[in-house]
There are 2 protein chains.
Amino acid sequence: MEGKTKSCTIRDVARYCKVGVSTVSRAINDDPEIAPATRERVLEAVRELHYVPNNSARNLKMTESRTVALLVRGIDNYFYQGMYDPIQKDLREAGYDYIIHAVDEVADVTKEASALVKEKRLCGLIILGGRVDKSARELSSIDIPYVLCTVAVPYGKAMPECTTVGIDDERSAFCITDYLIKRGHSRIALLGGKKGDSAVGARRLEGYKRACNEAGQPIDESLIFYMHDDIPEFSVENGYAMMKEAISSGVDFSAVFVISDLMAIGAYKALFEAGIKIPYDVSVVGFDGINLGKFLHPTLTTMCQPRPQMADKAVSELVRMMKGDDHIRHNVFETELLTGESVSTKKD
Amino acid sequence: MEGKTKSCTIRDVARYCKVGVSTVSRAINDDPEIAPATRERVLEAVRELHYVPNNSARNLKMTESRTVALLVRGIDNYFYQGMYDPIQKDLREAGYDYIIHAVDEVADVTKEASALVKEKRLCGLIILGGRVDKSARELSSIDIPYVLCTVAVPYGKAMPECTTVGIDDERSAFCITDYLIKRGHSRIALLGGKKGDSAVGARRLEGYKRACNEAGQPIDESLIFYMHDDIPEFSVENGYAMMKEAISSGVDFSAVFVISDLMAIGAYKALFEAGIKIPYDVSVVGFDGINLGKFLHPTLTTMCQPRPQMADKAVSELVRMMKGDDHIRHNVFETELLTGESVSTKKD
DNA sequence: TATGCTACTGGAAACGTTTCCGTTAATTGA
DNA sequence: TCAATTAACGGAAACGTTTCCAGTAGCATA
């Protein structure tokens, strides 16, 4: 406790080394129009007095605040692990300050965003999660650069009018379903469907259906299980609930495509409890490629999203736009099939 | 796109409804000294013009910014799940704005903190994680209220000079070790030890040792496995590495105390790979009580920390202090043993 | 020596609020 | 009816910075 230092201002520093305030300002902002000797003297005083510029005053005066916000829906989602860190590091490296702001619901994203931008004079926005239809349209009133990250991109349909970073959910889901089909599975349950056409779940469901169609397998609606609304989306608990529902429905299947790894963990549990052996009785695939998959027993076959690279891209795209390049770009990353032990080849 | 609205100010609103700026200010701040009719008229104009107060200007003028920062070390740690959300909600309800700030290392906490406080005119700080010796001392130069949350509290030793929220790591570790001993286990391996005396891992190790001592069992150092420095602390990967180390060391044990649930998942994997059956060959207990424990196979016996309640408490304590009550308090929460299927009773 | 140029520095306005203080109008009491 | 009180409001200073503009000193050139 060194008792209420009544935080010293730029004027205090100026007085201390007998220069004008503008000189101090120039010194701390690396302005070239200052004599090196003076700068050193001022900087020394800054250290001496423990002076720290007041951000509010600076932001008020300047047009750009050099602060970007990371808006994330469902901050607790395990999937975002490994994204916060790179985003933070990259932004800091690029000289931007940043804040993380958690929002509850998709709807909140746009409401919070527009208020935040004005309140805090943000100069950029990264939005993690949510869906493209809800976000993109309503966000268009915001006149600062922003990047939508890990949202479902409606392949082939109208792309949102803003820069995005993501994967092709439909194609990835197609691939992993196709992988199951190629291994002899014809009755594949899907866990985590979602109505509508732009949510992540809905896009993956579409990929699943296309794979079935192209393989000449009819879509059996009784094999599709939808996300429970009363349980958090993409949660272990939701996967567990859906798997139980699938088992007790009595419908016949030899493989399950769970549209997120976390939900796959819940599905594993339900299968164990029912005495169903993975992969002998039922094969399981997940989606996302979180690190836990490798520690399951058996290890999980899944579609891996390159999260760190996506995080890096989100930042570099935002920085590009904040520097004035207002070209819109859609960055679609390749996903990679990680083969684990959870899938067996079915021989009829 | 409605083209660069050149964000309107309080003066624009004042002009619009032909009142003074002070009247507008009073209206938006719920000042009682204003005619209800006028307030309504102003508020209407605010909505009309999409006016949002500039936070920088407000913070600059006011002494208190009503913003608190949540400093978290290891934002990716699954353990913090379920804490961000309550903290956010509680703070918002109490009328405080907040930002999350991730820091890499313990050392960074104090450095970042003191700069942040001045820069952003913070009026409060919640620090999640880290250790008490490193943080408390060095933070004492900060003259705003702050709360240390989920840090190891050195039981019986000098308490830090600031408000804390946590559990008694030593006692909890004692209890769960004792639980194993009571069920007949005499050779219990510990995974996740840590040198020093104030880290979470170190405190839990102490509890383990005390339980052994009080039961008259000699401490066998070869049963204690320490956290690998080259792998993130408390990670699944670290648990896996330590368990493999334990198995290949050839040392005999009938139970394992893994000091975090996430690490227990890694331990499970290593045991499965070695063909060791839980709980028949080896019993396993974890620590933390994350939701994943219930979905493991077998379900994990663990010591549950009441994270949501701790989060609530952290906020209410901070709010109390920000309101002027500078009394320091140490809130030690009770942990609860969650019994799963991972422990067997040993009969000799 | 006078002039122009350069390099550096200081003063002051402005950013958008809040709040103190003064003013006006309305209300009350005698 | 008049004075006194009060309710409601407007004006302007101040918060701590950045930046424009003007000013000074030193120096080279004519």
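A, B, ... follow the sequence lines: proteins, then strands. Residue 1 opens every chain. Computed over heavy atoms, backbone and side chain alike; hydrogens, waters and symmetry mates excluded.
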Query raised in the report: Would you say B:N29 reaches C:dT18's phosphate, i.e. side-chain N/O to OP1/OP2 under 4.0 Å?
Result: yes
Query raised in the report: Within the structure, does a side-chain N or O atom of A:S25 lie under 4.0 Å from either OP1 or OP2 of D:dT18?
Result: yes
For the pair made of [atom1] in [X] and [atom2] in [N], what is the distance, rounded to whole Å?
| X | N | atom1 | atom2 | value |
| --- | --- | --- | --- | --- |
| A:I28 | D:dG16 | CD1 | C1' | 10 Å |
| A:Y51 | D:dG16 | OH | P | 10 Å |
| A:I10 | C:dG11 | CD1 | C1' | 13 Å |
| A:N59 | D:dT19 | CG | C1' | 16 Å |
| A:I34 | D:dT19 | CD1 | C1' | 14 Å |
| B:N55 | C:dT17 | CG | P | 10 Å |
| A:R66 | D:dT17 | CZ | P | 18 Å |
| A:D12 | D:dG16 | CG | P | 9 Å |

Less than 4.5 Å apart, side chain to side chain, heavy atoms only: is that true for [X] and [Y]?
| X | Y | value |
| --- | --- | --- |
| B:V165 | B:F333 | yes |
| A:L70 | A:Y84 | yes |
| B:C149 | B:T164 | no |

Query raised in the report: Got a sec? Which of residues 36-47 of chain B come in under 4.0 Å of DNA chain D, heavy atoms?
Result: B:T38
**Report entry** Heavy-atom closest pair, residues B:P306 and B:I167
**Finding:** CD-CG2, 4.4 Å
**Report entry** Contacts of type side chain to side chain contact (heavy atoms under 4.5 Å, CB included), residue B:Y96, not counting sequence neighbours
**Finding:** B:R66, B:V68, B:L91, B:A94, B:C123, B:V319, B:M322
**Report entry** Partners passing side chain to side chain contact (heavy atoms under 4.5 Å, CB included) against B:V52 (at least two apart in sequence or in another chain)
**Finding:** A:K118, A:E119
Report summary line: Residues passing the ring-ring contact (aromatic ring centres under 6.0 Å, His included) test with A:Y51, sequence neighbours excluded, are none
Query raised in the report: Would A:F234 and A:F79 count as a close aromatic pair, with their ring centres under 6.0 Å?
Result: no
Taking only nitrogen or oxygen atoms into account, show me every contact under 3.5 Å that the protein makes with nucleotides 11-15 of chain D, one pair per line with its distance.
unit_1	atom_1	unit_2	atom_2	d
D:dG11	O6	B:S22	OG	3.2
D:dA14	N3	B:K61	NZ	3.0

Residues 34-42 of chain A, side-chain donor-acceptor partners within the protein, below 3.5 Å, at least two apart:
unit_1	atom_1	unit_2	atom_2	d
A:R39	NH2	A:D31	O	2.8
A:R41	NH1	A:C17	O	3.0

